[in-house]
There are 2 protein chains.
Amino acid sequence: MRPTGKDVARRAGVSPKTVSNVLTGVVSVTPRTRARVEQAMQELNYVPNHSARSLRNGRSGLIGLALPDLSTPYSADLAHHIVEAAHERGWGVQIEETGHDPQREVELMSQARTNIIDGLILNPVVLDESAVKVGVALPPVVLLGEVNQHLTDRVWVDGVTAASDMTKLLAAKGARRIAVLGATGERRSATAITRTEGYRAGLAELGFPRDTALEIVCDDWTPRGSAEALAAYLDQHDLPDAIFCFTDSLAIGALNALSSKGIRVPDDVMVAGFDDIDDGEFANPPLTTVSFDRREVAERALDMLARRIANRDRTPETVTVDYRIIERASTHDRISRKN
Amino acid sequence: MRPTGKDVARRAGVSPKTVSNVLTGVVSVTPRTRARVEQAMQELNYVPNHSARSLRNGRSGLIGLALPDLSTPYSADLAHHIVEAAHERGWGVQIEETGHDPQREVELMSQARTNIIDGLILNPVVLDESAVKVGVALPPVVLLGEVNQHLTDRVWVDGVTAASDMTKLLAAKGARRIAVLGATGERRSATAITRTEGYRAGLAELGFPRDTALEIVCDDWTPRGSAEALAAYLDQHDLPDAIFCFTDSLAIGALNALSSKGIRVPDDVMVAGFDDIDDGEFANPPLTTVSFDRREVAERALDMLARRIANRDRTPETVTVDYRIIERASTHDRISRKN
DNA sequence: TTGAAAGCGTTACCAT
DNA sequence: ATGGTAACGCTTTCAA
């Protein structure tokens with residue numbers, strides 16, 4: 001049987017409350033008493049019971065992190081930073097996967113699992129304003145990503161402007177027929193919608209015609225899904241001048257499909273991504289992409305969550321994290337490649 | 001204030017115990033009573049308090065998953081399957097990162113955080129027999145991967161034989177000078193040691209001389225670390241006929257370094273990986289690799305953990321998960337590429 | 001089948 | 001500065 005605070009108290013010749021005082025450190029304790037208690041803890045190899053503690057003070061020290069799919073390199077890197085940053089703040093992280101299931105998102109938001117976690121960081125796929133409203137009494141939540149709502153705290157990168165910037169960059173590199181890969185079909189992905197919007201805005205600024213045939217639908221945001229979608233597309237359509245993929249994972253799949261068909265990047269077509277994951281930087285050719293600091297996203301999200309937990313009546317805030325476009329070989333024009 | 005079981009009981013006109021009976025379902029309850037209680041729960045939007053429940057029955061319904069680095073695609077995919085499989089069994093998963101820190105591994109093993117989690121799945125980097133012995137009273141633990149010990153349950157793939165097989169495959173493809181990339185320097189990685197051992201055994205079987213200059217050290221198992229290590233190596237050494245990278249992430253970095261130097265794969269040098277991650281399948285060229293079913297690893301690990309939690313005195317078991325080598329373009333010889 | 005009461009291990013309040 | 005007591009919300013004896 002594991003020793004309890006009572007056992008420690010008995011051994012140290014004090015009351016259980018004193019043991020608690022030593023542990024929490026909020027009330028002062030005589031150095032002598034403290035020493036005796038700490039020694040008793042050592043001897044008994046005492047570890048406080050977490051459940052009892054959270055029952056008593058209503059805090060578990062655990063936060064939830066809900067992501068669509070942990071196996072995506074982008075999500076994995078995000079999770080890595082959140083786990084790391086949370087650990088530094090003394091928080092544990094429980095991972096939940098929503099598997100692109102809107103129902104699961106609403107479930108997590110509304111109530112489920114409450115009180116095992118003190119708060120939730122949610123990276124939704126489709127969550128819209130209506131879904132947020134469902135949960136009348138929300139647990140402390142911070143939303144991550146390009147979901148369009150303002151009823152909760154959130155951290156995001158301005159995907160509209162970023163997508164517009166990327167579109168204009170590709171045009172500046174000489175592309176006229178610029179396609180996007182990852183447009184949403186049945187899934188209604190908030191991220192896809194945002195980036196498509198930015199792409200269209202970019203085209204409008206450039207005075208380029210909008211051609212919906214250049215918006216390649218692909219709901220499965222994996223290299224496999226992307227390769228299949230692009231291969232099928234190219235069987236029916238002309239090769240565009242550039243393909244702006246809505247994530248690096250999509251871009252990796254695109255590079256694969258193009259290579260299979262003997263199409264050279266960037267000579268025959270330029271390719272760009274979004275997210276700046278490691279495997280994109282080291283792809284062949286390395287990917288031009290939209291980069292942002294995932295560690296900062298993690299820190300800001302945890303800051304907000306901590307404030308929200310402390311005070312649930314705060315006005316919801318939105319934090320916008322900076323991005324920048326990193327140009328790599330996948331979009332080099334002929335002149336710069338001559339160097 | 002959140003409603004408690006007592007509130008539900010009052011509203012339904014029953015005792016708290018009856019509410020509990022409805023919830024746990026272990027004692028039979030009159031359909032009429034059950035219906036009344038369930039209605040009361042609905043009306044009050046009742047969610048049982050997790051802390052109280054775990055305090056009472058000594059189970060949290062949470063397991064820990066400790067990995068070196070969640071941002072590695074391999075770890076991410078593993079975590080994905082474990083989270084998914086655990087969810088199906090009604091378990092939550094708390095993620096811990098050991099950051100390649102042996103101290104943190106021992107910490108997790110020995111006692112820390114006990115009783116917030118019912119058990120631990122640990123994918124160690126360096127953990128050896130001695131470290132396991134430290135924890136006299138271990139919590140229920142299942143070890144993942146090629147760590148060399150037999151005092152706890154574990155699930156692994158036979159990396160020795162797999163590495164040997166890969167070495168022989170590369171030889172069969174015509175390679176004579178076969179290098180490995182990812183050999184351990186200061187880190188003493190158990191996985192690196194195992195795979196190096198298999199590589200050497202393969203060479204011995206082939207009657208090839210062992211040349212330690214072909215064992216390229218790289219402790220940082222990321223594409224970046226790999227690209228740097230290989231670039232530096234090639235500045236000082238001749239190009240081998242084949243490079244067997246100890247993970248696909250290393251191989252992706254290797255492809256990048258080779259491409260930067262204008263070295264063609266597989267024409268000038270063959271490259272192979274280990275793990276079969278998506279980004280390797282869609283790399284350019286696609287990677288030959290050692291593949292195994294991560295979902296099965298997850299299921300087996302959870303099976304064992306459940307058994308261990310139920311009975312802590314069982315004899316430790318080892319489960320070996322099958323692997324197979326998948327040949328892709330990164331090792332195609334000239335003849336097969338002619339097809 | 002249901003109810004009453006005790007207890008899981010911890011911490012807060014109120015004395016001393 | 002320390003101790004006693006009660007309470008967090010649930011489940012498990014034991015009785016009815």
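Letters A, B, ... mirror the listed sequences (proteins, then strands); counts begin at 1.
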| Residue list, salt bridge (Lys or Arg N to Asp or Glu O under 4.0 Å) with A:Arg89, at least two apart or on another chain | A:Glu299, A:Asp303

| Side chains of A:Ser54 and A:Arg59: donor-acceptor distance under 3.5 Å anywhere? | no

| message | I need the B:Gln103 CD to B:Glu105 CD distance, nearest 0.5 Å. | response | 10.0 Å

| said: Going by salt bridge (Lys or Arg N to Asp or Glu O under 4.0 Å), name the residues that satisfy it together with A:Arg308, two or more places apart in sequence or in a different chain. | reply: A:Asp153

| task | Carefully, step by step, assess B:Val19 and B:Val14 under the rule side-chain contact (heavy atoms from CB on, under 4.5 Å). | result | CA-CA 8 Å; B:Val19 175; B:Val14 297; 4.1 Å; yes

| task | To the nearest Å, give me how far apart CZ (A:Arg53) and P (D:dG9) are. | result | 18 Å

Please tabulate, one pair per line, each protein N/O and nucleotide N/O from nucleotides 2-4 of chain C that are separated by under 3.5 Å, including the distance.
{"from": "C:dT2", "atom 1": "OP1", "to": "B:Thr30", "atom 2": "OG1", "distance (Å)": "3.2"}
{"from": "C:dT2", "atom 1": "OP1", "to": "B:Thr33", "atom 2": "OG1", "distance (Å)": "2.3"}
{"from": "C:dT2", "atom 1": "OP2", "to": "B:Thr30", "atom 2": "N", "distance (Å)": "3.3"}
{"from": "C:dG3", "atom 1": "OP2", "to": "B:Ser15", "atom 2": "N", "distance (Å)": "2.7"}
{"from": "C:dG3", "atom 1": "OP2", "to": "B:Ser15", "atom 2": "OG", "distance (Å)": "3.2"}
{"from": "C:dG3", "atom 1": "OP2", "to": "B:Thr18", "atom 2": "OG1", "distance (Å)": "2.7"}

| Residues that A:Glu317 engages under salt bridge (Lys or Arg N to Asp or Glu O under 4.0 Å), provided they are two or more places apart | A:Arg307, A:Arg314

| Nearest-Å distance for atom pair CG/C1', residues B:Asn49 and C:dG9 | 14 Å

| said: Does the structure place the NZ or CZ of B:Arg187 under 6.0 Å from the centre of the six-membered ring of B:Trp221, at an angle of no more than 45° from the ring's axis? | reply: yes

| task | Could you verify whether a donor N or O on one side chain and an acceptor N or O on the other, from A:Glu43 and A:Gln39, lie under 3.5 Å apart? | result | yes

| remark: Taken to the nearest whole Å, CD1/B:Ile116 to C1'/C:dT10 is 15 Å

| request: Quickly work out the A:Leu55 CG to C:dG7 P distance and round it to whole Å. | output: 17 Å

| task | Measure from the side chain of B:Ser20, starting at C-beta and using heavy atoms only, and say which of D:dT11, D:dC10, C:dG9 lies closest. | result | D:dT11

| query | Between B:Leu23 (CG) and D:dT11 (C1'), how many Å, whole number? | reply | 10 Å

| Axis bend over the full length of the helix from C:dT1-D:dA16 to C:dT16-D:dA1, computed from five pairs that close each end, to 10 degrees | 30°

| field | Any residue meeting salt bridge (Lys or Arg N to Asp or Glu O under 4.0 Å) with B:Arg53, in chain and number order, not counting sequence neighbours | value | none

| query | What integer distance in Å separates A:Lys6:NZ from D:dG4:C1'? | reply | 13 Å

| message | Could you tell me how far apart B:Asp7 (CG) and D:dC10 (C1') are, to the nearest whole angstrom? | response | 13 Å

| Separation of D:dG3 P from A:Arg10 CZ (nearest whole Å) | 14 Å

| When all nucleic acid strands are considered with a 4.0 Å heavy-atom cut-off, which category describes A:Thr24: base, sugar-phosphate, or nothing? | sugar-phosphate

| field | Heavy-atom donor-acceptor pair, A:Arg56 side-chain to D:dA7 base, under 3.5 Å | value | yes

